Number of protein chains: 2
Amino acid sequence: MASDHTRSAILAAAERLYADRGFGDVTLRDIVAEANVNLAAVNYHFGSKDELIAELFVTRSLATNRERLNELKAAEEAGGGRASIEAIMHALVGPTLRGCLGPDREGSTAARFMIRASIESVPPIRRIKNREVDHLRKFVAAMRRSLPGRDDAELYWGLHFALAMSHHTIREKERLTKLSEGQCDLNDVNAIVERVVTVSVMALTGGEPAKKAPARSMAPPYGRLTRQDL
Amino acid sequence: MASDHTRSAILAAAERLYADRGFGDVTLRDIVAEANVNLAAVNYHFGSKDELIAELFVTRSLATNRERLNELKAAEEAGGGRASIEAIMHALVGPTLRGCLGPDREGSTAARFMIRASIESVPPIRRIKNREVDHLRKFVAAMRRSLPGRDDAELYWGLHFALAMSHHTIREKERLTKLSEGQCDLNDVNAIVERVVTVSVMALTGGEPAKKAPARSMAPPYGRLTRQDL
DNA sequence: TTGCATTTCAAACGCGTGTATGAAACTATC
DNA sequence: GATAGTTTCATACACGCGTTTGAAATGCAA
């Protein structure tokens with residue numbers, strides 16, 4: 001057991017370097033140099049480079065998931081077991097967006113690391129992401145409670161688009177700034193969250209203010225929908 | 001000059017392998033084995049591995065961009081210089097979605113390659129993508145003509161979200177299928193295009209059927225907007 | 001056929017990587 | 001303070017990679 005000093009120094013240095021320069025060109029030697037520890041320490045404490053990356057990513061995404069679920073649970077309790085669809089989407093995209101776009105929170109290293117993880121998609125991280133389905137299903141369940149009668153496929157598409165907008169905003173933050181020549185304010189995180197939530201809710205409810213709308217409303221003007229369940 | 005046989009065999013083999021297995025674990029040796037040419041041929045004909053990848057990507061994305069602009073031009077001419085916002089978004093996301101999700105088009109190798117390029121984000125490709133700004137600006141210009149008086153930032157956000165949804169759908173195709181347990185039909189490309197267009201238009205017009213709406217309508221319920229231009 | 005330029009080829013180079021080794025330095029328990 | 005277990009360290013290994021080399025083969029004009 002002992003001090004753990006080396007172990008956490010490696011974790012901190014690795015996260016910092018990965019956040020700054022991406023997974024592609026950060027070697028174990030870079031990491032141990034930054035952490036002032038011996039090269040062999042990585043394999044001693046983590047087993048392999050991939051396991052080090054996995055541990056970093058698991059830690060951070062567990063934290064985000066916990067935050068999301070807390071927000072969801074709070075919203076459902078406040079609504080007597082049924083949260084508004086706005087609140088649900090807010091809980092879904094808020095923590096991630098705040099974490100990755102927000103101002104320095106613990107030096108924002110964690111945030112920048114998660115951005116990299118979302119951009120570069122290295123094998124150990126991809127493996128973990130594929131097990132995130134269960135977590136998302138909890139949101140689908142909440143959405144089902146909030147919008148009863150709505151087709152399940154519609155719920156999945158709404159969730160999918162919400163994640164699309166928030167992840168893409170994180171990934172392409174720089175590009176959007178450049179494209180819009182600074183006209184899109186990427187610093188006001190709350191405004192961005194509201195923007196994403198608003199569009200997501202519109203996608204799910206078809207533009208109406210989202211008060212228990214009758215049923216499927218996002219049906220495209222033409223072109224068939226899913227035909228699974230006729 | 002000569003036969004070009006070797007050159008094109010390399011291009012074809014590389015695209016096929018990258019499409020199937022990703023950039024991460026395809027080596028030059030894999031490629032030349034698949035193409036039945038000598039290892040040194042790659043450097044002789046392309047200069048380096050990165051330039052080979054770049055040539056592949058440039059070729060394919062030029063084709064997509066051309067397709068997009070053709071669709072846009074056709075829509076603008078049909079509307080007397082002003083296309084409907086639906087048509088513009090359609091031209092923006094249609095070609096990419098059809099190319100990457102559609103059924104076999106020339107063996108769909110090109111499509112799968114572009115999916116990889118959008119997922120893995122390898123340096124030479126990233127460099128090229130960063131020069132795509134000019135191309136997107138043409139769409140912003142068309143949007144400005146279609147929705148005059150609308151805040152520029154709103155147009156950028158709308159374009160951004162449209163790209164978000166189409167790219168994310170391509171990237172996470174498998175995950176969405178798994179999450180929804182097949183309830184989201186990822187095979188009906190036209191329906192997906194309509195879905196993305198519909199939501200994009202709602203994001204831009206605020207849910208109204210998009211007939212030259214007065215002005216900014218996607219303003220979030222609370223939270224400030226951009227403050228650049230006061 | 002000769003001569004020159006282009007293209008192919010087998011082989012090797014050089015480098016950087018993640019990982020393994022085995023001894024040395026600690027730390028804690030008795 | 002001896003001993004067993006844990007952690008650090010310098011060093012080396014083995015391998016795969018993109019790239020280079022220089023000679024052989026090929027194509028083509030005169």
Side-chain angles (χ1 to χ4, degrees), chain A residues 1-58 113 116-117 120-128, chain B residues 1-58 113 116-117 120-128:
Chain A
M1 236 148 266
S3 78
D4 269 355
H5 175 298
T6 304
R7 207 187 134 86
S8 41
I10 292 174
L11 284 169
E15 182 164 48
R16 194 161 50 241
L17 288 179
Y18 284 141
D20 285 342
R21 299 166 25 197
F23 299 97
D25 38 24
V26 171
T27 74
L28 284 188
R29 286 171 171 81
D30 293 333
I31 293 172
V32 299
E34 177 87 359
N36 281 312
V37 302
N38 188 270
L39 174 59
V42 173
N43 287 274
Y44 177 77
H45 284 284
F46 298 92
S48 71
K49 185 195 192 184
D50 279 12
E51 290 173 83
L52 165 62
I53 295 179
E55 173 149 346
L56 280 170
F57 183 70
V58 166
F113 171 82
R116 289 290 185 183
E120 293 201 12
S121 164
V122 66
I125 289 183
R126 212 158 7 190
R127 273 194 291 272
I128 294 163
Chain B
M1 237 148 264
S3 76
D4 268 355
H5 175 297
T6 303
R7 210 187 132 85
S8 40
I10 292 174
L11 284 169
E15 181 165 46
R16 196 161 46 240
L17 287 180
Y18 284 140
D20 285 343
R21 299 164 26 197
F23 298 97
D25 38 25
V26 170
T27 73
L28 285 189
R29 287 172 170 82
D30 293 332
I31 294 172
V32 299
E34 178 87 359
N36 281 311
V37 302
N38 189 271
L39 174 58
V42 172
N43 286 274
Y44 177 77
H45 284 283
F46 298 92
S48 71
K49 185 194 190 184
D50 279 11
E51 290 174 82
L52 166 61
I53 295 180
E55 172 149 346
L56 280 170
F57 183 70
V58 166
F113 171 82
R116 289 289 184 184
E120 293 201 12
S121 164
V122 64
I125 290 184
R126 213 157 6 190
R127 274 193 291 272
I128 294 163

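What you are looking at is a predicted structure, and each value in this text was computed from that prediction instead of being measured. Lettering follows sequence order; numbering is per chain, from 1.
The CD1-C1' distance, from A:Ile31 to C:dT17, rounds to 12 Å in whole Å. For the pair A:His45 NE2 and C:dT19 P, the computed distance is 15 Å after rounding to whole Å. Counting to the nearest Å, the C1' atom of C:dT19 and the CD atom of A:Glu51 are 12 Å from each other. One interatomic measurement links the two molecules: CG of A:Asp4 to C1' of D:dT7, which rounds to 11 Å at whole-angstrom precision. A straight line from CG of A:Asp30 to P of C:dT17 spans 7 Å, rounded to a whole angstrom. The CG atom of A:Leu52 sits 11 Å away from the P atom of C:dG18 (whole-angstrom rounding). The separation between A:Ile10 atom CD1 and D:dT7 atom P is 12 Å, rounded to whole Å. For the pair B:Phe23 CZ and D:dG18 P, the computed distance is 13 Å after rounding to whole Å.
Side-chain atoms of B:Arg29 come within donor-acceptor range of the base of D:dG18, with a qualifying N/O pair under 3.5 Å. Taking only distance into account, the side chain of A:Asn43 never meets the base of C:dA20 through a donor-acceptor pair shorter than 3.5 Å.
Considering only the side chain of A:Leu39, D:dT11 comes nearest among D:dT11, C:dA11, D:dT7. Side-chain proximity of A:Leu28 to C:dT19, C:dT8, D:dT7: nearest is C:dT19. Between C:dT8, C:dG18, D:dT6, one nucleotide has an atom nearer to the side chain of A:Tyr44 than all others, and that is D:dT6. Minimum atom distance to the side chain of B:Asn38 is reached by C:dT8, of the listed D:dT8, D:dT19, C:dT8.
At the heavy-atom level, A:Ala40 lies under 4.0 Å from base atoms of the strands shown.
Across every non-hydrogen atom of B:Lys49 and B:Val26, the tightest pair is NZ-O, 3.5 Å. Taking all atoms of both residues into account, the shortest heavy-atom contact from B:Ile10 to B:Ile31 is O-CG2, 4.1 Å.
Dashed line: the shortest gap from a side-chain N or O of A:Thr6 to OP1 or OP2 of D:dT7 is not under 4.0 Å. Proximity of A:His5 to the phosphate of D:dT8: no side-chain N or O atom is located under 4.0 Å from OP1 or OP2.
Classification of the B:Phe57-B:Phe113 ring pair by plane angle, with boundaries at 30° and 60°, yields tilted.
Annotation: side chain of A:Asn38 is not in contact with side chain of A:Tyr44 (no heavy-atom distance under 4.5 Å).
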inquiry  = B:Glu34 vs B:Asp30, test: side-chain contact (heavy atoms from CB on, under 4.5 Å). Steps then yes/no.
reply    = CA-CA 6 Å; B:Glu34 178 87 359; B:Asp30 293 332; over 6 Å; no
